[in-house]
Structures are given as structure tokens and as C-alpha cells.
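Notes follow the structure.
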Amino acid sequence: MQLDPERTLNEIEGFLLWEAEKDRARTRAQEFCDGLPWLTDSQRWEVEVRYCQDQRDASRAYLERIAVRSAALRTEYDGVYRALRRRLITAVLSGSVAVVALFAVTAFGLAVR
């Protein structure tokens with residue numbers, strides 16, 4: 001089995017980004033609870049856990065929407081790229097045919113003289 005370096009790097013990057021997102025959620029939960037000084041330690045812990053879970057769920061849903069949109073854009077741009085490439089090839093070939101035809105007519109004209 002051969003490893004795909006690009007895929008491996010993407011997976012590592014995704015892991016690191018997700019860990020950073022979890023750290024942000026914990027930090028935000030702690031800051032949120034800091035504004036609620038009347039909470040007992042167990043209440044604070046429960047609020048932090050629920051807040052973190054809510055933040056992770058929201059982040060996961062957001063990332064999934066981005067992934068779907070990214071795939072749709074990739075498909076759309078691939079189609080546009082293929083169409084532009086066909087148009088460019090057609091233009092180049094048409095220009096080449098025109099140049100060859102002009103050359104042939106010129107050569108024929110010179111040969112007839």
C-alpha cells in the first residue's frame with residue numbers, strides 16, 4: 001500500500017485544525033463561565049462540557065457545509081475549465097488550419113505564376 005503524501009498532509013492539517021477548534025471551544029466555555037460566578041464547581045463543569053459540545057457540533061455542521069460547497073464549486077470550475085480548454089484548442093486549431101490554408105493558397109498562387 002502506497003501512501004499519498006498530499007492526503008496524509010491534508011489529514012494532519014485537518015486533525016490540527018480540529019484540535020485547535022476544540023481548544024477554542026474550551027476557552028470560550030471557560031470565559032462564558034467566568035461571567036457566571038455563582039455557579040458551583042460541578043455546575044461550572046457541566047456548563048463547560050455542554051458549551052464545548054454545542055460549539056463542536058456547530059463547528060462540525062459548518063465544516064460539513066463548507067465541504068459540500070467546496071465539492072460543488074470544484075465540479076463547477078472543472079466544467080468551466082474543460083469548456084474553456086475546448087474553446088482554446090478549437091481556436092488554436094482553427095487558426096492553424098487558416099494559416100495552413102493561407103500558406104497553401106499562397107504557394108499555389110506562386111506555383112501557377
For Glu19, all residues meeting side chain to side chain donor-acceptor pair (under 3.5 Å), sequence neighbours excluded: Lys22

Can you name the residues that form a salt bridge (Lys or Arg N to Asp or Glu O under 4.0 Å) with Arg86, not counting sequence neighbours? none

Rounded to the nearest 0.5 Å, what separates atom OH in Tyr81 from atom CG in Leu88? 9.0 Å

Take atom CG of Asp78 as the centre, draw a 6.0 Å sphere, and report whether it contains more than 12 heavy atoms from other residues, nucleotides or ligands. yes

Do you reckon Trp38 sits in the same ILVMFWY cluster as Trp45, going by side-chain contacts under 4.5 Å, direct or chained? no

CG (Asp23) and CH2 (Trp18) are apart, to the nearest 0.5 Å, by 11.5 Å

Under the rule for salt bridge (Lys or Arg N to Asp or Glu O under 4.0 Å), what residues qualify as partners of Glu31, not counting sequence neighbours? none

Listed pairs under 3.5 Å, donor-acceptor, residues 47-75 side chains, sequence neighbours left out:
from  : atom 1 : to    : atom 2 : distance (Å)
Glu48 : OE2    : Arg44 : NE     : 3.1
Arg50 : NE     : Glu46 : OE2    : 2.5
Arg50 : NH2    : Glu46 : OE2    : 3.2
Gln53 : NE2    : Asp57 : OD1    : 2.8
Gln55 : OE1    : Arg28 : NH1    : 2.9
Arg56 : NE     : Cys52 : O      : 3.4
Ser59 : OG     : Glu21 : OE2    : 2.7
Ser59 : OG     : Gln55 : O      : 3.0
Thr75 : OG1    : Ala71 : O      : 3.0

Have Thr40 and Gln43 got a donor and an acceptor in their side chains that come within less than 3.5 Å? yes

Excluding sequence neighbours, so at least two apart, what forms side chain to side chain donor-acceptor pair (under 3.5 Å) with Arg7? Glu11

Each residue besides Ile89 in its hydrophobic cluster should be listed here, by chain and number; the cluster joins Ile, Leu, Val, Met, Phe, Trp and Tyr at side-chain heavy-atom distances under 4.5 Å. Leu93

